[in-house]
Amino acid sequence: MKQPDSPKSPARRAVLMAGLAAGVALVNPLGALAAAPPGFDQWRDNFRARALAKGISEATWNRCMGRIEPDMSVFRQMRNQPEFHEQIWQYINRRVSDWRVIHGKEALKKNEALFGRIERDFGVERGTLLALWGVESAYGDPLVQQNHMTPVFPSLAALAWNEPRRKAYWETELINAMKIVQRGWSTPEEMNGSWAGAMGHSQWMPEVWLNVGFDYDGDGKVSPFGRPDDALGSTAKYLVNRGKWHRGEHWGYEVRAPGGGTGGSRTYAAWASAGVVRADGQPFPQPNASAQLWIPVAGGPAFLLGPNFNSVKSYNPSMNYALAICHLGDRCLGGPPFVQPFPGSERALTLAEVQEMQTRLTKAGFDTGGTDGRVGNDTMKAIKDFQIKMGLLPADGYGGLKVLARLRQGG
């Protein structure tokens, strides 16, 4: 169920907001000297009184807002969000990419002790948590901060000043961002995020950091940045408290379901008695745990989904998102691709193939924003523009084998 979009709820709006961040260009720093747009200074003077009434000190106000200029590019970003209509196999291929699997294994190795501690403390298995980290912020890769994030205060100031539909929400989040600085958790200079203000390893909005985040590394701060301890520990705690995570249970399994259908929740043993078996031929390790059958597309892979799949959905209510997270976690831990392909699907490109595609697109005049093998909105827009120019249908922005083959032909 989708969480309510209310300033009173520490719901996972950050995930929904954060997916919009890719492709945002860096703007001037907090001390920008350009003249403020007409009306901004007056709004800022009026907003100052409201912020101070909410507990923001003069020192914090001056530090965060004293010389700020609004980032007016947020309105262009808001209006021009690219729309891509992905089939489920495309959605999964793009998120369970070769880049994310390779770098996920590296991130796990680097943070083995942290994931082990989280598993002991919260029972959240490392694969799921690792995948959430990978999808939300590319495992905290600093290049994501450098190339795809923008200073939070100028963005939130622009929205709080001049976005009329949700003005109260943006003002609240701007105050929340100042509270993070006032508590010493971060600095205005460090706080880069999406144009909407989502920040850090887990891409949470300021309100979520204040209400859900906690100091897992014991340094006296709840930091979205730097070491991933606070972000991953807080995410695990969220999955337990809000998502009702079941310790020791896997999210589910790809299965072969000869009879199809659903049939509600049953134990794995009951499903096995009905002829439903794991696609890899292995036994169900916890036959008395319960699961539900889900077949996303007729003729494609089928899944038995346990309660922890729904826990991931508490983070983002999309079934496709949850499946991508769970599958990416399995792949990072050495699991194979799905046994049964989706109808009409093609295999995901390798890291080298994605980089080749990006290089060829860029040389052809379609800027992908880099050639690192990660496919974000910049690359998808470049692909879509190439498809339109070449008459490739559907022009869906999906970079697969067909697009790469056309580029190799000299497109």
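Considering CD of Gln182 and SG of Cys64, their distance stands at 8.5 Å, rounded to 0.5 Å.
Side chains of Asn316 and Ser318: a donor-acceptor N/O pair is absent below 3.5 angstrom, by distance only. A donor and an acceptor atom, one from each side chain of Ser290 and Thr267, are nowhere located under 3.5 Å apart. A side-chain N or O of Ser57 and one of Thr60 form a donor-acceptor pair less than 3.5 Å apart. Looking only at atom types and distance, the side chain of Asp330 has a donor-acceptor partner in the side chain of His250 under 3.5 Å away.
Applying the salt bridge (charged side-chain N to carboxylate O under 4.0 Å, His left out) rule to pairs touching residues 298-309 yields nothing, sequence neighbours excluded. Pairs of residues two or more places apart, or lying in two chains, that qualify as salt bridge (charged side-chain N to carboxylate O under 4.0 Å, His left out) and include a residue from residues 335-354 are Arg347-Glu353.
For the pairing with Lys381, the side chain to side chain donor-acceptor pair (under 3.5 Å) check across Thr379, Asp385, Asn377 returns one residue only, Asp385.
Under the 4.5 Å side-chain criterion, counting only non-hydrogen atoms from C-beta, Val135 is in contact with Ile325. Side-chain contact between Val276 and Leu304: present, with at least one pair of heavy atoms (C-beta onward) separated by less than 4.5 Å. Contact check for Tyr398 versus Ile383: no side-chain heavy atoms found under the 4.5 Å cut-off. Inter-residue side-chain proximity for Met65 and Leu174 is flagged as met; some heavy-atom pair is nearer than 4.5 Å. Inter-residue side-chain proximity for Phe153 and Val181 is flagged as met; some heavy-atom pair is nearer than 4.5 Å.
With sequence neighbours left out, the ring-ring contact (aromatic ring centres under 6.0 Å, His included) criterion links Phe40 to Trp43, Trp161. Listed by chain and number, the residues in a side chain to side chain donor-acceptor pair (under 3.5 Å) with Gln90 are Asp396 (sequence neighbours excluded). Under the salt bridge (Lys or Arg N to Asp or Glu O under 4.0 Å) criterion, Arg48 pairs with Glu58, sequence neighbours left out. Evaluation of the ring-ring contact (aromatic ring centres under 6.0 Å, His included) rule for Trp185 yields no partner, not counting sequence neighbours. Applying the side chain to side chain donor-acceptor pair (under 3.5 Å) rule to Arg374 yields the partners Asp141, Asp372; only residues at least two apart in sequence or on another chain are considered. For the salt bridge (Lys or Arg N to Asp or Glu O under 4.0 Å) test, residues two or more places apart in sequence or in another chain that qualify with Asp229 are Arg227. Asn288 is linked by a side-chain contact (heavy atoms from CB on, under 4.5 Å) to nothing, counting only residues two or more places apart in sequence or in another chain. In this structure Arg256 satisfies the salt bridge (Lys or Arg N to Asp or Glu O under 4.0 Å) test with no other residue, sequence neighbours excluded. Taking Lys179 as the reference, Ile56, Ile175, Asn176, Leu210 meet the side-chain contact (heavy atoms from CB on, under 4.5 Å) condition, with sequence neighbours excluded.
With salt bridges taken as basic N to acidic carboxylate O contacts below 4.0 Å, one links Arg360 and Glu356.
Proximity of the aromatic rings of Tyr253 and Tyr268 is defined here by a centroid distance below 6.0 angstrom, and this criterion is met. Not less than 6.0 angstrom separates the ring centroid of Phe338 from the ring centroid of Trp89.
In this structure, the side chain of Arg278 does not engage the main chain of Val255 through any donor-acceptor pair within 3.5 Å. In this structure, the side chain of Gln387 engages the main chain of Gly397 through a donor-acceptor pair within 3.5 Å. In this structure, the side chain of Arg95 does not engage the main chain of Ala324 through any donor-acceptor pair within 3.5 Å.
Considering all non-hydrogen atoms of both residues, Met178 and Phe47 come closest at CE-CE2, 3.9 Å. Ser186 and Met191 make their closest contact through OG-CG, 3.3 Å (heavy atoms, listed as atom of the first residue, atom of the second, distance).
Ring orientation note: the planes of Tyr139 and Trp133 are nearly perpendicular, at an angle over 60° on the 30°/60° scale. Between Tyr315 and Tyr321, the ring planes are parallel. Angles under 30° get that label, and only those over 60° would be called perpendicular. Between Phe366 and Phe386, the ring-plane angle classifies as perpendicular under the 30° and 60° cut-offs.
Heavy atoms of other residues, nucleotides or ligands lying less than 6.0 angstrom from NZ of Lys167 number more than 12.
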Atom pairs and distances, side-chain donor-acceptor, residues 110-120, under 3.5 Å, sequence neighbours left out:
from, atom 1, to, atom 2, distance (Å)
Asn111, ND2, Ala107, O, 2.9
Glu112, OE2, Arg126, NH1, 2.4
Arg117, NE, Tyr216, OH, 3.3
Arg117, NH1, Tyr216, O, 3.0
Arg117, NH2, Tyr216, O, 3.0
Glu119, OE1, Arg126, NE, 3.1
Glu119, OE1, Arg126, NH2, 2.8
Glu119, OE2, Arg126, N, 2.9
Glu119, OE2, Arg126, NE, 3.2
Arg120, NH1, Gly116, O, 3.4

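A cation-pi contact links Arg166 to Tyr169, judged by a cut-off of 6.0 Å to the six-membered ring centre and 45° from its axis.
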